[in-house]
Each structure stands twice: as C-alpha cells, then as structure tokens.
Amino acid sequence: HGIGAATALCLARDGAHVAICARHEDEASREVTCAITALGRHAHFSAADMGRPEDVLRCVEETRRALGDPDIVVHSAGAAAAGNLLEVCPEEWYAAFDVHVHAVFHLCRATVPAMRAKREGAIILVSSVAGLRGCPNALAYGVVKGALPQFARGLARDLAGDNIRVNCVAPGIIRTRFHDHLSPEQARHNVENRIPLHREGTAEQVAEAITFLAGNDFITGETMTIDGGMTMRIA
C-alpha cells in the first residue's frame, strides 16, 4: 500500500525486478505484482510480518530464490503508534520498535553480506518528520522514526568502504491510508496552516526520492525530507 507500493512501481519503471512483502496477500499486493509484471519486470511476493525476525529472514531467502541477491533494499513497513508517555501501552511500544527498528537490523544483516561480495548496494529507510521534530501524542512513533536517520548514518559509515550506500527519507503529510483517520477539518488545517506549499504530498513523490537515492552513487548517510516545507518553518 501507499509509499511501499508506489516505490515498487517506480523502481520497476526504472528497470528493477522487484520483490515485495506484506503481512497478507490481498488485492492490493496482487495489483502491485501484476503492475510490475506488466512493465516487463520480474515480480515476487512474500507474505511476511516485518516485526518477526524469522519472517524477515524467510522473506529475504524467498527473494534470493526468486530473483537473486538484492541490490536495493527499501524498508517501508510501519504502522501508527499513538499515545503519550502515560497512554501508550508497553506492548505497543515494543511492537513499534519491532517493525520500525529491529526489522531494519535483521533485514540489513540478511542482505549486506551479498552486497559486500559484489561491492555495491543501496539501502533506503523510510523515517518521518515525526522523527525529526516533537510530535504530540505519538511518542513511540516519533522515537522509532527518529532512530532511523541515525541508523542510516551509522550504517552508511560502516559500509562506505564496501561501496554500499545507506540513506533515509522523512516524509511529511502524504495522502495515503495512514492519514485516513483525519477529519476534514484536520486535513484542511494541515493544508492551510502547517504545510507552506499548501498541499499534501503523494506516495509517488516519496517513491521518486527513494528511487533517486537508490540510483545516485555519491550520496550516503543522508536523510531527505519530503514535507512541503513543514519542518523548515518557524511555527
């Protein structure tokens, strides 16, 4: 769905064969797989929960068997985690780390050795502006998203000698199902008062940035913010 689906299609249009994963095979995953195939690329789908290390490893192994060792890895799995310090339950706190942070750890450990052998690779993580600035009533979400730019910087430094690049994108308010809970009044407030460009972003715009970072071989350790100017302004 959303940014993940748009990225899969953008990479396919740029010439990549693409493996995608989601917790369940559904109409959306089948549509994306068919769209990749229609572009003349190979597509593979794995049903996997990125919050479970065994699923991450199985997904990578299935990808290897279907398409070969990955050259580009994009981690875009995620979910909302609402609540302030006293509201968020411990289970939700730990689950947020599992899918946003621990999944990246296991995914990179599973894919980096083959990239090292080829001395080439690109890893792109999807953070959020909520990880760059304080966001009320979303402590767990902000903390895990804030960990990803540092994960990218640290890993980029470790892997630079192997010609493996690691970067991050930080989307703002992007029109996907993630924001379907917003009321019309909240959506209008965002456009009129929070976003200087006075419009929401699209999943395709984020996907274009991810594809750019995957292809540019002289950028590493960076976080690209895609938010219509929201985090650069003085409130």
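Worth saying up front: this structure is predicted, and the values here are computed from it rather than measured.
Residue R157 places its CZ atom among 12 or fewer non-hydrogen atoms of other residues, nucleotides or ligands, all under 6.0 Å distant. Counting heavy atoms of neighbouring residues, nucleotides and ligands inside a 6.0 Å radius, atom CD of E185 exceeds 12 of them. Within a 6.0 Å sphere centred on CZ of R23, heavy atoms belonging to other residues, nucleotides or ligands number 12 at most.
What you find for A81 and A96 is that their closest heavy atoms are CB-CB, 4.2 Å.
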### Task
Step by step, work out the salt bridge (charged side-chain N to carboxylate O under 4.0 Å, His left out) result for D55 and R58.
CA-CA 5 Å; D55 278 19; R58 177 176 53 78; 3.6 Å; yes
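Under the 4.5 Å side-chain heavy-atom criterion for ILVMFWY residues, a single connected hydrophobic cluster contains both V32 and I124. Under a hydrophobic clustering in which Ile, Leu, Val, Met, Phe, Trp and Tyr are joined whenever their side-chain heavy atoms come within less than 4.5 Å, directly or via other members, V191 and I174 fall into different clusters. L125 and V206 end up in different hydrophobic clusters when Ile, Leu, Val, Met, Phe, Trp and Tyr side chains are linked at under 4.5 Å. M50 and V126 are members of different hydrophobic clusters when ILVMFWY side chains are connected at heavy-atom separations under 4.5 Å. V101 and V166 end up in different hydrophobic clusters when Ile, Leu, Val, Met, Phe, Trp and Tyr side chains are linked at under 4.5 Å.
Using a cut-off of 4.0 Å between Lys/Arg side-chain N and Asp/Glu carboxylate O, E61 and R64 are scored as salt-bridged. Ion pairing between K118 and E120 fails under the 4.0 Å rule for side-chain N and carboxylate O.
With Q150 contributing its side chain and A147 its backbone, the two residues share no donor-acceptor pair below 3.5 Å. Proximity of a side-chain donor or acceptor of R119 to a complementary backbone N or O of G161 within less than 3.5 Å is detected. A donor-acceptor contact shorter than 3.5 Å is absent between the side chain of S29 and the backbone of E25.
Applying the side chain to side chain donor-acceptor pair (under 3.5 Å) test to pairs two or more places apart or on separate chains, those with a residue in residues 224-235 are D227-T231.
None of T111, V73, L155, V112 except one satisfies the side chain to side chain contact (heavy atoms under 4.5 Å, CB included) rule with I164; the exception is V112.
Between H17 and H42, the ring planes lie tilted relative to each other; the angle falls in the 30° to 60° range.
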